[in-house]
Amino acid sequence: MSSITIEELKQLPENSYQIIDIRDENEVAHGAIPGAVATPSDAIEGNPAIDFSKKLVICCSRGINSKEVAENLTEEGLDAVSLERGYIAWLMDVMKNSQDEDFAKNVEISLRKKFKKKIWSKFTKAINTYELVKP
């Protein structure tokens, strides 16, 4: 396996891999994957910031340049894969997840607005009628 999707990456144990971002400084300055090691592809070998005992997930902008880098590292005996669709895939996944969270919050708020009065009045009536709260 020379490449990995963002979905497959999310299923791996968190401490079993390290993301290596091979994009240039300008691209990384516009956004990066948290915890990724940003380094040019020719500076990966011997880099003290990289844990070579882990799976190396090579990331570029769109997953094109990282394929060759991952293949070269694999030929040298390292466990390396390319992140399919690169940083763009990670960014799209983050955006999708935040939209899902916003949707869930909006549903919860609308339910509260619609049913709060009906449910809350019955709840407070029960507390008073059955003396559920006492000093």
Please tabulate, for the side chains in residues 9-16, all donor-acceptor contacts under 3.5 angstrom to protein atoms that are two or more places apart in sequence or on a different chain.
from : atom 1 : to  : atom 2 : distance (Å)
K10  : NZ     : D93 : OD1    : 3.2
K10  : NZ     : D93 : OD2    : 3.2
S16  : OG     : P13 : O      : 2.7

Check: Given D21 and I33, is the side-chain contact (heavy atoms from CB on, under 4.5 Å) satisfied, shown in steps?
Finding: CA-CA 8 Å; D21 193 337; I33 300 173; 5.5 Å; no
Checklist line | Qualifying salt bridge (Lys or Arg N to Asp or Glu O under 4.0 Å) pairs, either residue in residues 78-88, two or more places apart | finding: K55-D79
Note to self: Take a 6.0 Å sphere around NZ of K54 and say whether it holds more than 12 heavy atoms from other residues, nucleotides or ligands.
What the structure shows: yes
Next item on the list: Answer with yes or no whether the hydrophobic clustering places V57 together with V37; edges join I, L, V, M, F, W, Y residues whose side-chain heavy atoms lie under 4.5 Å apart.
Entry: no
When you compare the side chain of [Y] with that of [X], does any pair of heavy atoms fall below 4.5 Å?
{"X": "L56", "Y": "V81", "result": "no"}
{"X": "L83", "Y": "I6", "result": "yes"}
{"X": "T74", "Y": "S2", "result": "no"}

Under 3.5 Å, side-chain donor or acceptor atoms of residues 123-131 against the rest of the protein: list the pairs with distances, not counting sequence neighbours.
from : atom 1 : to   : atom 2 : distance (Å)
T124 : OG1    : W120 : O      : 3.1
T124 : OG1    : S121 : O      : 3.0
N128 : ND2    : T124 : O      : 3.3
T129 : OG1    : K125 : O      : 2.7

Note to self: Do S3 and S82 pair up side chain to side chain, a donor and an acceptor below 3.5 Å, judged on atom types alone?
What the structure shows: no
Check: For residues 11-54, which residue pairs qualify under ring pair (Phe, Tyr, Trp, His ring centres under 6.0 Å), counting only residues two or more places apart or in two chains?
Finding: none
Next item on the list: Identify the heavy atoms of C60 and I22 that sit nearest to each other, and give their distance.
Entry: CB-CG1, 3.9 Å
Item checked: For the student: nearest non-hydrogen atoms of A70 and A80, plus distance -> O-CB, 3.8 Å
Check: Going through the distances and angles, do N65 and I58 end up as a side-chain contact (heavy atoms from CB on, under 4.5 Å)?
Finding: CA-CA 9 Å; N65 299 331; I58 312 301; over 6 Å; no
Checklist line | Partners passing side chain to side chain contact (heavy atoms under 4.5 Å, CB included) against E27 (at least two apart in sequence or in another chain) | finding: R23, D24, S61
Checklist line | Partners meeting side chain to side chain contact (heavy atoms under 4.5 Å, CB included) with V94 (sequence neighbours left out) | finding: W90
Item checked: Straight-line distance of N72 CG to E45 CD, nearest 0.5 Å -> 9.0 Å
Next item on the list: Taking Q18 for its side chain and D51 for its backbone only, find out whether a donor-acceptor pair lies under 3.5 Å.
Entry: yes
Next item on the list: Kindly say whether L73 contributes a backbone atom to a donor-acceptor pair with the side chain of E76 at under 3.5 angstrom?
Entry: no
